[in-house]
Structure formats: structure tokens, C-alpha cells
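Shown next, in C-alpha cells, is the structure this report addresses.
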Amino acid sequence: MKKEDTLELKIEDMGVSGEGIGKVDGFPLFVKDAVIGDYVLVKIMKLKKNYGYARLLDILIPSENRAEPLCKVHRQCGGCQIQALKYEEQLRFKERKVENNIKRIGGFSQPLMQPIIGMEEPYYYRNKAQFPVGTDRDGKIITGFYAGRTHDIIPNRHCVLGAACNEEILNVIIAFMEAEQITAYNETTATGLVRHVLIRKSFSTGQIMVCIVINGRTLPMQEKLISALKQIEGMTSLSLSFNEDMTNAIMGEQAVTIWGEDVIIDCIDEIKYQISPLSFFQVNSVQTEKMYRVAMEYAGLTGRETVWDLYCGIGTISLFLAQKAKKVYGIEIIPQAIADAKKNAALNNITNVEFYAGKAEEILPDKFAQDPQQYAAEVVVLDPPRKGCDEALLNTILQMQPAKIVYVSCDSATLARDLKILCGEHTYELQAVQPVDMFPQTVHVETVCLLTRME
Ligand code: SAH
């Protein structure tokens, strides 16, 4: 077997990034866009010592697991990876991914896996979308999504993961740019004005927020855009964000409202959250509610407990748990998010929460050393970013010895690594592993775990 060879292959497995895997005499080949069960014709692109990459040339016999993707550009676009797989099979893939990590990296031989919580309607679920704006070879303004691992814009105003209103909003903005001769940003030359369009929609209240990110300080003829956009049902907030740097960051440091309100309101269960253009908020509200209910059930609160919510963002989990706890403390590294968390507590008349801005691995040990009585908790909730928790933080939790730890994770590999530390020698026991499908059509999966202290 050598580079450029073409051969036929049965796809028998899927890699963590959604690629199909087939074997030739035991030697694995990764094939993007092939799914388990396909019989395919491929061309070998790259060979390494223990595996290789091949390009899909033709699907000779399609797998029974294939679904007809709703999106025409799903193969080029970097947003979805597994749209061509039936939703049921996507769920099985995610369950296997979590279970394998917990077993292999965590060293748990029989983790108590719960069946994944999927979506009834696994499309049009995202409450936030960011569309880059650019120009094609003919000078036409385009918007869509970046192709996987590049900054080439694949034109697409109708993303099947996003809210249905996105397309109409983009049509209005692009028509306005064309009519007023407003330029799109060019990343290579750092010229042109409009960089990105951010759209957020609250599915609970119907409110829509649009923020236009510009390479400059003013948007010429903005009144015309305002009068066109405010016709759209649900529009309540329009802002500009200024980003004049050559950077991969999408948003500028601030957003300035040019029409309507500064925030929109979204609800998860009974709790209301104010969301500004720059706030972090879970992108799938329907699944977030289900996930928080699991976290709440695992926490098993009676009203007497003190709870730490580490990596709390804008306090979403903290406020949710505060309804049934004596006191909730939250820690989050981004000061702006903590400011939002405090506003959200006030908005909901929740007074038994306290928020700290800073690193969880610094603030928790500090507070616990200061007053081990006051700051000891019965329940600790963790929801770290992909890289997982800092070991200093895990060590403090092991000293504090809460009765329960609820670990919410968006990366089951780092989750498994951290669980191994927490469930070391006669410390904690892993009681349940609950995967939740927050991002249908993509390879990402959330997991909630319950750990209880050993007596
Ligand atoms: N629990 C929240 C947010 C989880 S996302 C929710 O459900 O909405 C993870 C959060 O951890 C992000 O808001 C990120 O800013 C924050 N973060 C990252 N590193 C951190 C650290 N070292 N200490 C505290 N927070 C951190």
C-alpha cells in the first residue's frame, strides 16, 4: 500500500472527530465523510507508521446508518461533522465515546452509564450564531461559515443548526450593505468594514439580538439598517461591536446598543437570564434545561446545603441550584460574566448566592484556608472548559470532602483524567455517568457525573 493508491474499504468504526475508520490487513485508514457500514472507494493521501488517511472517492454501497443531510454544504462547512449519520447512530457514537474514555483514561472497568439524553428535534436548536462576512472572487458580499480548519467562507445563510430567523436577518443586512456600498472585511489586508454578524435568539421569550462587528467605529447609514431590521418579528436589540485588531477573536471588547435594549432575556425553567452580546450562555437551551435537571437531581439538595459552583459562567447553574440550597458560592475567571451573574441573581430575587471573579484553583483554596467552617460545602459542582480542572483545585476539593461532587464536562477525555484523581484511594466513588446531546450533528457531547464520598 502506498500514497495515491486507490482501494475499496469497509468502514467499521468512527474516530473521535467523526471520521470513518476502515482496515486493510489490520492497518487503520481514516476516511472523512464516510460512516460506519459504508463500503467505499478511497485514495490514500498520507501514510504514517500505524495508520493512514484516505480521501473518499465514492460510496459503493451506502451504510444503513446513513441519513440524508438537510444541509447542502455539510461536507465543506466546519460546523457539523456527522450530519450524514442517522440521529440514533449519532447518539450511540457519543455514548461509546464517553464510555471508552471513562474506561480507558479513567480506569473505571464498569462505569454506571445512563442512556444518553438526546433531542426530539435535532435541528434548528442553537440560540446563538456568528456569521463571518467577506467577499467572493467576483466581489460579491458573502456570509456563511468557515470551512473546517480554515478561514475560507462557505456561503450559507440557512444553517440547519441555527434559529430559523437567521436567514431573513442576514438577507436584510447583506441587502443593506449592497445598497449602501458598505464593504466586507478582508482578513488578509485588514481592510473593509463588516467582519461578523452575531445573532442570538431566546427561544423562551422570542426576543432577537443582532450585533454587527465592524472594523471601525461607525456604521454609515445605520438608520436605514435599523428601520429594516426592526420589521423582523422578535427583534429587540441591535448593537455594534468594534474590533479593529488583526485577530481571530470575533467580538471587540465592548458592544454599543444602537437600537432597542442592551440585553435579551432567556429562561431556563423558572430562572431568567439577561444576555448581552458578549455574555457566555449555553447554546442549546432545550438540552441545557434537561442537563441542569440532572445536575439538580444528582446534587440531591434539601435546602440545608452549602454548594460551590466552580467555573460558573454567568451563574446559570448557581441560580438554578440556589432555589434548593442554603447558600451557593460561584467562581468564574471572566469578571464581566460575574457582573452578569450578580445581575441575574437580582433579576430573580435570589439572595443566597455569592460570586467571585478569579481562578477557581486560587480562590477556592484561599477561601477554604481562611475559614474551613464557613466555606466547606456538602456539594461541589464543576463545569470546566475543555482542558478540565487544575490539579490544585481537585486537591482542595479532596481536602474539603463534600458529600457529593457533580462534574459537568464538555470533554470526556479530561473528565476521565480528573475522575481518576478524585476517585483515588478510598475517596470518592463514581455513581453515575449521564451523557447529554447538547450539539446534535456534531461530534461534541456533554457529560454529567455524580461522585459520592466513601464512608
Ligand atoms: N457553568 C457555566 C459555564 C461553563 S463554561 C454554564 O453552565 O453556563 C466554563 C467556564 O469556565 C467559562 O465561563 C470560563 O470562562 C470559565 N473558566 C475557565 N478557566 C477558569 C478558571 N481557571 N477558573 C474559573 N473559571 C474558569
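Values below: every heavy atom of this structure, side chains too, minus hydrogens, waters and symmetry copies. What you see is a predicted model; the values in this text were computed from it and never measured. Numbering of ligands and ligand atoms starts at 1, following listing order.
Among all non-hydrogen protein atoms, the one lying nearest atom 23 (N) of ligand 1 is Ala360 N, 2.9 Å. The protein heavy atom nearest to atom 9 (C) of ligand 1 is Asp383 O, 3.3 Å. Residue, atom and distance of the protein heavy atom nearest to atom 18 (C) of ligand 1 are Pro385 CG, 3.6 Å. For atom 22 (N) of ligand 1, the closest non-hydrogen atom of the protein is Glu361 OE1, 3.0 Å. With respect to atom 6 (C) of ligand 1, the closest heavy atom belonging to the protein is Thr316 OG1, 3.0 Å. The closest protein non-hydrogen atom to atom 21 (C) of ligand 1 is Tyr311 CE2, 3.7 Å. The closest protein non-hydrogen atom to atom 10 (C) of ligand 1 is Glu332 OE1, 3.5 Å.
Set against the non-hydrogen atoms of Lys359, the atoms of ligand 1 under 4.0 Å away are 23 (N). Each of the following atoms of ligand 1 lies closer than 4.0 Å to a heavy atom of Tyr292: 6 (C), 7 (O), 8 (O). Counting atoms of ligand 1 from 1 in the listed order, those under 4.0 Å from a heavy atom of Gly358 are 23 (N), 24 (C). Using a 4.0 Å cut-off to heavy atoms of Ile334, the atoms of ligand 1 that qualify are 15 (O).
Using a cut-off of 4.0 Å between Lys/Arg side-chain N and Asp/Glu carboxylate O, Glu89 and Arg66 are scored as not salt-bridged. At a threshold of 4.0 Å, the pair Arg293-Glu297 does not count as salt-bridged, since none of the basic side-chain nitrogens sits closer than that to a carboxylate oxygen.
No more than 12 heavy atoms of other residues, nucleotides or ligands shown are found within 6.0 angstrom of NZ on Lys272. Counted within 6.0 Å of NZ on Lys420, heavy atoms from surrounding residues, nucleotides or ligands total 12 or fewer; the atom is thus considered open.
In this structure, a donor-acceptor pair under 3.5 Å is absent between the side chains of Gln282 and Ser285. In this model, no donor atom of one side chain and acceptor atom of the other lie less than 3.5 Å apart for Thr316 and Tyr273. Side chains of Asn243 and Tyr185: no donor on one and acceptor on the other come within 3.5 Å. Using modelled atom types, one finds no donor on one side chain facing an acceptor on the other under 3.5 Å when comparing Tyr292 with Asp269.
The proximity of Ile333 to ligand 1, defined as any non-hydrogen pair under 4.0 Å, involves the side chain as well as the backbone. Only side-chain heavy atoms of Phe280 come within less than 4.0 Å of ligand 1; its backbone N, CA, C and O stay farther off.
Annotation: the span from Ile350 atom CD1 to Lys342 atom NZ amounts to 15.5 Å, rounded to 0.5 Å.
Using a 4.0 Å cutoff on heavy atoms, Cys312 counts as a contact of ligand 1.
Between Ile317 and ligand 1, not a single N/O pair is under 3.5 Å apart. Ligand 1 has no N or O atom lying under 3.5 Å from any N or O atom of Asp309, backbone or side chain.
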For residues 252-263, which side-chain N or O atoms pair as donor and acceptor with protein atoms under 3.5 Å away, sequence neighbours left out?
from: Thr257; atom 1: OG1; to: Asp262; atom 2: OD1; distance (Å): 2.4

